[in-house]
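Just so you know, these numbers come straight off a predicted model, no measurement behind them. Proteins get letters first, then strands, A, B, ... in listed order; numbering begins at 1 in each.
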Number of protein chains: 2
Amino acid sequence: MDFQLKFAINEKIFLRNPESSEVGKLMVKKAIDLIYELGFEQFTFKKLAVEINSTEATIYRYFENKHRLLLYILNWYWCYMEFLVTFKLENVTDKKEQLKIIVHLLTHEFAESASRFDYNKKYLNQIVISESSKVYLVKDVAAINKDEVFKPYKDLCAKIADVITSYNPHYKYPRSLSTTLIETSHHQQFFSFNLPKLTDISVENNLNFTSRFIENLLFQVLSY
Amino acid sequence: MDFQLKFAINEKIFLRNPESSEVGKLMVKKAIDLIYELGFEQFTFKKLAVEINSTEATIYRYFENKHRLLLYILNWYWCYMEFLVTFKLENVTDKKEQLKIIVHLLTHEFAESASRFDYNKKYLNQIVISESSKVYLVKDVAAINKDEVFKPYKDLCAKIADVITSYNPHYKYPRSLSTTLIETSHHQQFFSFNLPKLTDISVENNLNFTSRFIENLLFQVLSY
DNA sequence: TTTTAAATGATAGCAATACTATCATAAATA
DNA sequence: TATTTATGATAGTATTGCTATCATTTAAAA
């Protein structure tokens, strides 16, 4: 079974839907490879154009600027993550088990897909860890937010918050805890690899370090 | 009593010590104002040069690029924060009280200083919230880290971790929890203001929201 | 005080970035 | 077949992110 996942991405993020053409699809796929490789600051439309054997002009017809392209990629990721959460919680009745599955999803790499048209999930993961905060930590976040471009993030957050509330209905900060789990997963993965002194990772405990830290934190916070 | 705080900032961060001259000092002070006003992406040395009635060339003699200047500002902040923690915990013996003081420091604006030569603490706070992650979420973080430019952050983290351990010696992740407290303070402050749906802030509970969330999280995590 | 050294300001210049515009051609649709 | 639409090729512009030169001002050493 070789299937492909598509999500309805907010139309305000792009000028022309990249899903509507081959160059468009290639553009997003290669953007993921290139942002992973260069980092968002060094990534340019010029470099991407060369990579897809096209021109800057063509890319600008799809995306206003590289910030919007990153936003597109992250919207896809948030939708994908919400889909995965829904999918994996299917038929799991134990609330604690549900939360464990969520922590696992947030702290492990996605399974690589077979389809070669698909985005590189390993790269996507790293982009989310290293670059995602750059889409909202900007001066004009309020203006950008008006177009509802963060809705998939808010939806994912709300979904996790629901599971949190069903596990402990008395807990007062389900959404803040939800974003904390998401953001902390990124931070701890980044820190444990790049600035390990900011974490408690060590040679003995480096297996699933972030996962164990987050799970411990989550269940302690939600304990009565 | 009008005193000024100075910290020994890692020499590898700058080319020429900005503390050694008037333009240098003005440069850093005005950089804080300008980064606050424009956001780090829109901030340029050209704009800063105009602001201090000098030239780009002069600024480049002090800092290699704007990333280094931001790093300098954050180094100052981390030193300042560690100083404040040390200072405020003085003579406080109750461990729980100590942790409460730390949470308060992480989630509230600094008291504005009287000295007009001092950095604008309100702006500094906002910069830390919105821009601090941009100094380490870069592709060449490993190379940058070699110069020990993140030492003040690690020291602050270690200091808070010590208090955590003294409160609960059995807790296994004091440093990760420490960075989580710091980073989450920033996130929740940013989100509760800009993307409130990612938090549990509301009209009724907006007073010290982040503070209460973090404090609840901390003591739940550290409870037996 | 004079000499010397160092820091600054003014100016120039350059390659890369972040776009915008035009137009011919190719591809898709009517 | 005619017509719309997308692409590629090319050009151009303002800004950014630097580096280099040199005269002048300021500070330190002799």
Side-chain angles (χ1 to χ4, degrees), chain A residues 9 11-31 34-35 37-73 131 134-135 137-140 143-144, chain B residues 9 11-31 34-35 37-73 131 134-135 137-140 143-144:
Chain A
I9 306 293
E11 309 234 327
K12 299 222 168 148
I13 293 173
F14 49 74
L15 299 169
R16 211 205 292 308
N17 193 339
E19 279 301 312
S20 72
S21 75
E22 290 307 311
V23 244
K25 279 182 250 181
L26 188 62
M27 183 177 302
V28 176
K29 183 174 162 53
K30 289 283 180 185
L34 220 48
I35 292 172
E37 192 188 319
L38 305 172
F40 189 60
E41 286 75 20
Q42 302 306 312
F43 167 81
T44 67
F45 276 4
K46 177 78 216 163
K47 290 170 185 169
L48 179 57
V50 171
E51 200 71 15
I52 62 173
N53 289 308
S54 179
T55 60
E56 275 183 279
T58 301
I59 302 171
Y60 275 109
R61 284 180 189 115
Y62 286 86
F63 296 100
E64 218 179 308
N65 51 49
K66 68 174 182 174
H67 182 269
R68 289 277 153 160
L69 176 46
L70 181 60
L71 196 51
Y72 180 90
I73 292 167
E131 322 289 357
K134 295 168 191 170
V135 303
L137 291 179
V138 290
K139 203 69 197 174
D140 55 344
I144 299 173
Chain B
I9 306 293
E11 309 234 327
K12 300 222 168 147
I13 293 173
F14 47 75
L15 300 170
R16 211 205 290 308
N17 192 337
E19 279 300 312
S20 71
S21 74
E22 290 307 310
V23 244
K25 280 180 249 181
L26 188 62
M27 186 178 297
V28 176
K29 184 175 162 50
K30 288 284 179 185
L34 219 50
I35 292 172
E37 192 188 318
L38 305 172
F40 188 60
E41 286 75 21
Q42 303 307 311
F43 168 80
T44 67
F45 276 3
K46 178 80 216 159
K47 290 170 185 170
L48 178 57
V50 171
E51 201 69 16
I52 63 173
N53 288 308
S54 180
T55 60
E56 273 183 281
T58 299
I59 302 171
Y60 274 108
R61 284 180 190 117
Y62 285 86
F63 296 100
E64 217 178 308
N65 51 50
K66 68 174 184 174
H67 181 268
R68 289 275 152 161
L69 176 46
L70 181 60
L71 196 51
Y72 180 89
I73 292 167
E131 322 289 359
K134 295 168 192 171
V135 302
L137 291 179
V138 290
K139 202 70 196 175
D140 56 345
I144 299 173

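In terms of position on DNA chain C, the residue among B:Ser21 and A:Thr44 whose nearest nucleotide sits closer to the 5' end is B:Ser21. The 5' end of DNA chain D is approached more closely, in terms of each residue's nearest nucleotide, by A:Glu22 than by the other of B:Phe45 and A:Glu22.
Formation of a donor-acceptor pair under 3.5 Å by the A:Lys47 side chain with backbone atoms of A:Gln42 is found in this model. Between the A:Lys139 side chain and the B:Phe40 main chain, no donor and acceptor come within less than 3.5 Å of each other. The closest donor-acceptor contact from the side chain of A:Lys134 to the backbone of A:Leu70 lies at 3.5 Å or more, if one exists at all.
Here C:dA10 presents its C1' atom at 14 Å from CG of B:Asn53, a figure rounded to the nearest Å. Atom NE2 of B:His67 and atom C1' of D:dC18 are 17 Å apart (whole Å). At whole-Å resolution of the value, CG in B:Leu38 and C1' in D:dT16 are 14 Å apart. As rounded to whole Å, 16 Å separates atom C1' of D:dG17 from atom CZ of B:Arg68. C:dG9 atom C1' lies 12 Å from atom CD1 of B:Ile59, rounded to whole Å. One can place NZ of A:Lys46 at 11 Å from P of D:dT10, the figure rounded to the nearest angstrom. The interatomic distance linking B:Arg61 (CZ) with C:dG9 (P) rounds to 8 Å, in whole Å. Rounded to whole Å, atom C1' of C:dA10 lies 15 Å from atom CD1 of B:Ile52.
Surrounding CD of B:Glu19 are more than 12 heavy atoms belonging to other residues, nucleotides or ligands, all under 6.0 Å away.
Considering only the side chain of A:Asn65, C:dC19 comes nearest among C:dT8, C:dA18, C:dC19. Of the candidates D:dA9, D:dA6, C:dG9, the closest approach to any side-chain atom of A:Arg16 belongs to D:dA6. Looking at the side chain of A:Glu56, the nearest of the listed nucleotides D:dG17, C:dC19, D:dG8 is C:dC19.
Distances shown here put a side-chain N or O of A:Thr58 below 4.0 Å from the OP1 or OP2 atom of D:dG8. Between B:Thr55 and C:dA10, a side-chain N or O to OP1/OP2 separation shorter than 4.0 Å is absent. Between A:Tyr62 and D:dT7 there is a side-chain N or O to OP1 or OP2 distance below 4.0 Å. Between A:Lys66 and C:dC19, a side-chain N or O to OP1/OP2 separation shorter than 4.0 Å is absent.
Residue B:Tyr60 is classed as a base contact, given a heavy-atom separation below 4.0 Å to a base. Nucleic acid contact for A:Glu64: sugar-phosphate only, since backbone atoms but no base atoms lie under 4.0 Å from a heavy atom of the residue. Within the 4.0 angstrom heavy-atom criterion, no nucleotide atom of any strand lies near B:Phe63.
Between A:Phe45 and A:Phe43, the ring planes are perpendicular. Angles over 60° get that label, and only those under 30° would be called parallel.
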